[in-house]
Amino acid sequence: MNFYERYLKGETKEVYNDIYELGNDAFLPNNSVEIEKVLTETFERVAYNLGIIYKELVNINYLFKTDFQFNFERPLLNPLPNTDSLLEKLEESVKSFGFVPLSLKMFYKIVGACNFGWDYDTNEDFIWEYADPIQIISLDELISIVTDEYAFETFQEYYEDDGFVSLELSADYFHKDNISGGQGYALQVTSKPSVDGQFLYEEHNTTFINYLRICFENCGFSRITNPENNNQYQTFFEIVKPQLKQI
């Protein structure tokens with residue numbers, strides 16, 4: 001079976017491990033079409049899972065923000081009509097330092113954006129503490145950051161210090177609970193074209209796609225099962241988890 005057939009059969013993790021092992025060969029014509037099919041299926045499942053979780057959170061009166069000023073504040077946002085042109089701007093903004101992983105581009109093309117953060121401005125009594133709700137910034141907001149007049153200078157400083165730059169996509173779990181925290185979660189810009197990249201400054205030390213997988217294994221909240229926190233999530237899990245698709 002090819003990658004796509006294996007993925008549909010349930011070998012989701014194994015397929016991505018094999019894809020990553022290809023390295024640059026993933027972009028050869030005989031591989032790239034098949035890999036794009038896998039990515040398309042993955043992010044269609046991501047969009048589906050987010051929709052399920054959102055619906056069930058609404059059913060339990062989870063407090064989403066409703067007074068939106070910006071797209072990144074919306075719980076769910078479909079792909080923007082000008083996604084392709086915005087992605088071109090994103091690639092242009094980092095081309096001196098590397099490449100935007102294909103996984104992020106497919107996320108913006110197929111999913112859009114999400115922000116399952118609790119509206120602490122309305123009520124600071126969180127339903128689950130330090131649960132780390134999934135949040136991936138909207139593409140228009142990311143573009144506003146990377147095209148800021150100081151963005152290139154900032155990228156240069158990070159590149160000189162660390163040897164790479166990254167795209168911040170999410171607040172950390174402290175900030176999501178309205179507590180001063182650390183570095184936001186960010187996707188590493190890769191030195192060569194890549195299918196996926198490292199999702200930095202997040203405790204699981206993994207790739208972007210696997211981070212999304214962890215989020216769905218935890219019904220949208222990557223730290224909700226942390227034994228340090230007494231989060232009563234079992235009833236929610238029993239309803240949500242059977243509905244979610246493997247990615």
Side-chain angles (χ1 to χ4, degrees), residues 16-17 19-36 38-40 42-43 46 70-73 77 79-115 134-172 175 181-212:
Y16 272 104
N17 288 337
I19 288 173
Y20 297 149
E21 286 184 9
L22 289 175
N24 290 340
D25 287 350
F27 293 91
L28 294 175
N30 60 324
N31 291 325
S32 61
V33 173
E34 194 69 29
I35 290 171
E36 188 163 329
V38 172
L39 284 162
T40 298
T42 296
F43 286 103
V46 170
F70 306 99
N71 277 333
F72 69 83
E73 297 174 312
L77 179 70
L80 299 171
N82 59 337
T83 292
D84 287 342
S85 62
L86 290 176
L87 286 175
E88 288 177 5
K89 289 183 180 180
L90 181 61
E91 291 179 304
E92 180 68 22
S93 71
V94 302
K95 72 176 185 180
S96 298
F97 310 100
F99 298 85
V100 178
L102 184 55
S103 56
L104 183 63
K105 292 187 281 187
M106 295 295 281
F107 179 91
Y108 283 129
K109 287 181 179 182
I110 296 172
V111 181
C114 61
N115 183 355
I134 188 170
Q135 176 189 84
I136 303 297
I137 193 173
S138 60
L139 181 54
D140 57 339
E141 180 65 17
L142 180 57
I143 293 300
S144 72
I145 294 170
V146 300
T147 58
D148 176 87
E149 62 178 315
Y150 302 111
F152 185 82
E153 182 180 331
T154 302
F155 276 151
Q156 236 174 356
E157 290 175 359
Y158 276 112
Y159 192 79
E160 289 170 3
D161 291 343
D162 301 327
F164 63 86
V165 301
S166 60
L167 302 168
E168 188 168 321
L169 302 180
S170 170
D172 75 338
H175 280 107
Q183 174 76 45
Y185 308 152
L187 182 63
Q188 185 173 335
V189 171
T190 54
S191 59
K192 297 177 181 178
S194 63
V195 172
D196 199 10
Q198 287 297 117
F199 199 59
L200 305 172
Y201 317 118
E202 194 277 334
E203 63 186 357
H204 294 96
N205 188 29
T206 191
T207 64
F208 179 54
I209 289 173
N210 199 49
Y211 170 72
L212 297 176

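The residues of the chain are indexed from 1 along the displayed sequence.
- Note on residues 22-33: no pairs pass side-chain hydrogen bond (donor to acceptor under 3.5 Å, both in side chains), not counting sequence neighbours.
- With T207 contributing its side chain and N210 its backbone, the two residues share a donor-acceptor pair below 3.5 Å.
- With contacts defined as side-chain heavy-atom distances shorter than 4.5 Å, the pair K109/L87 qualifies.
- Between the CD1 atom in I35 and the CG atom in L102 there is a gap of 8.5 Å [rounded to 0.5 Å].
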Open item on the list: Would I209 and F43 count as a side chain to side chain contact (heavy atoms under 4.5 Å, CB included) here? Give the steps.
Closed with: CA-CA 9 Å; I209 289 173; F43 286 103; 4.1 Å; yes
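- In this structure, Q135 contributes its side chain and A171 its backbone to a donor-acceptor pair below 3.5 Å.
- Remark: F152 pairs with F97 by the ring-ring contact (aromatic ring centres under 6.0 Å, His included) rule, at least two apart or across chains.
- Closest approach of P79 to V111, counting heavy atoms only: CD-O, 3.4 Å.
- Between F208 and F199, the distance from one ring center to the other falls under 6.0 angstrom.
- Counting only residues at least two apart or in different chains, side-chain hydrogen bond (donor to acceptor under 3.5 Å, both in side chains) contacts with residues 83-95 comprise E91-K105, E92-K95.
- Applying the salt bridge (charged side-chain N to carboxylate O under 4.0 Å, His left out) test to pairs two or more places apart or on separate chains, none has a residue in residues 148-169.
- The minimum heavy-atom distance between S138 and Y108, with the atom names listed, is C-CE2, 4.0 Å.
- The backbone N or O of I143 sits less than 3.5 Å from a side-chain atom of T147, completing a donor-acceptor pair.
- At a threshold of 4.5 Å between non-hydrogen side-chain atoms, the residues D140 and F72 do not count as touching.
- A donor-acceptor distance shorter than 3.5 angstrom exists from the side chain of D172 to the backbone of G182, with no hydrogens or angles considered.
- How far SG of C114 is from CD1 of I136: 5.5 Å, rounded to the nearest 0.5 Å.
- The structure places CD1 of I19 at 11.0 Å from OG of S103, a figure rounded to the nearest 0.5 Å.
- Screening residues 182-205 for salt bridge (charged side-chain N to carboxylate O under 4.0 Å, His left out) gives E203-R223 as the qualifying pairs, with residues at least two apart or on separate chains.
- Listed by chain and number, the residues in a ring-ring contact (aromatic ring centres under 6.0 Å, His included) with F99 amount to none (sequence neighbours excluded).
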